[in-house]
Amino acid sequence: MPDEDSKIDHYVLEYRKTNFEGPPRAKEDQPWMVIEGIKGTKYTLSGLKFDMKYMNFRVRACNKAVAGEFSEPVTLETRAFMFRLDASTCHQNLRVEELSVEWDATGGKVQDVKAREKDGKGRTASPANSPAR
């Protein structure tokens, strides 16, 4: 980190996706993406998709006249949490299909619940099965 009286004006962050753990390889398939004009020593990179497991990052400091050398690249793992919604236990207004979830304001499952209640297979009166759950 620079001293308070440093001449650093801003930082440039570069990152790219990679399939490899550890230091970057000599020949990578993905180009470096550039974010310029970062004023602080912390930056949040948003909008990333978890379509690759690892990412390389490097940074360099710039003053008003020239840019310094890039730092040694760092490889970070971008872990994703995968989950699925269960169509049979989700909220009555959610329509859950294989890879999509849609809000159905008309409460599409209400008809199914009423039909099951007629057959004696509906929800019980316990709070765990209430529609507000």
Find out whether [X] and [Y] are in side-chain contact, i.e. whether some heavy atom of one side chain is under 4.5 Å from a heavy atom of the other.
| X | Y | result |
| --- | --- | --- |
| Lys17 | Tyr54 | no |
| Val12 | Ile35 | no |
| Leu13 | Glu36 | no |

Study note, to complete from the structure: Interatomic distance, CD@Glu102 vs CD@Glu97, rounded to 0.5 Å, equals 7.0 Å
Point to revise | From CD (Gln92) to SG (Cys90), nearest 0.5 Å | key: 10.0 Å
Is there a path of hydrophobic side-chain contacts, each under 4.5 Å between heavy atoms of I/L/V/M/F/W/Y residues, joining [Y] to [X]?
| X | Y | answer |
| --- | --- | --- |
| Leu76 | Ile38 | yes |
| Phe57 | Met33 | yes |
| Val96 | Trp103 | yes |
| Val74 | Tyr15 | yes |

Point to revise | Side-chain donor/acceptor of Ser71 to backbone N/O of Val59, under 3.5 Å | key: yes
**Study point:** Nearest non-hydrogen partners of Glu69 and Arg60, listed with the distance
**Key:** O-CB, 3.4 Å
**Study point:** Heavy-atom closest contact (Lys7 atom, Asn63 atom, distance)
**Key:** O-CB, 3.2 Å
**Study point:** Face-on cation placement of Arg58 at Trp32 ring, 6.0 Å and 45° thresholds
**Key:** yes
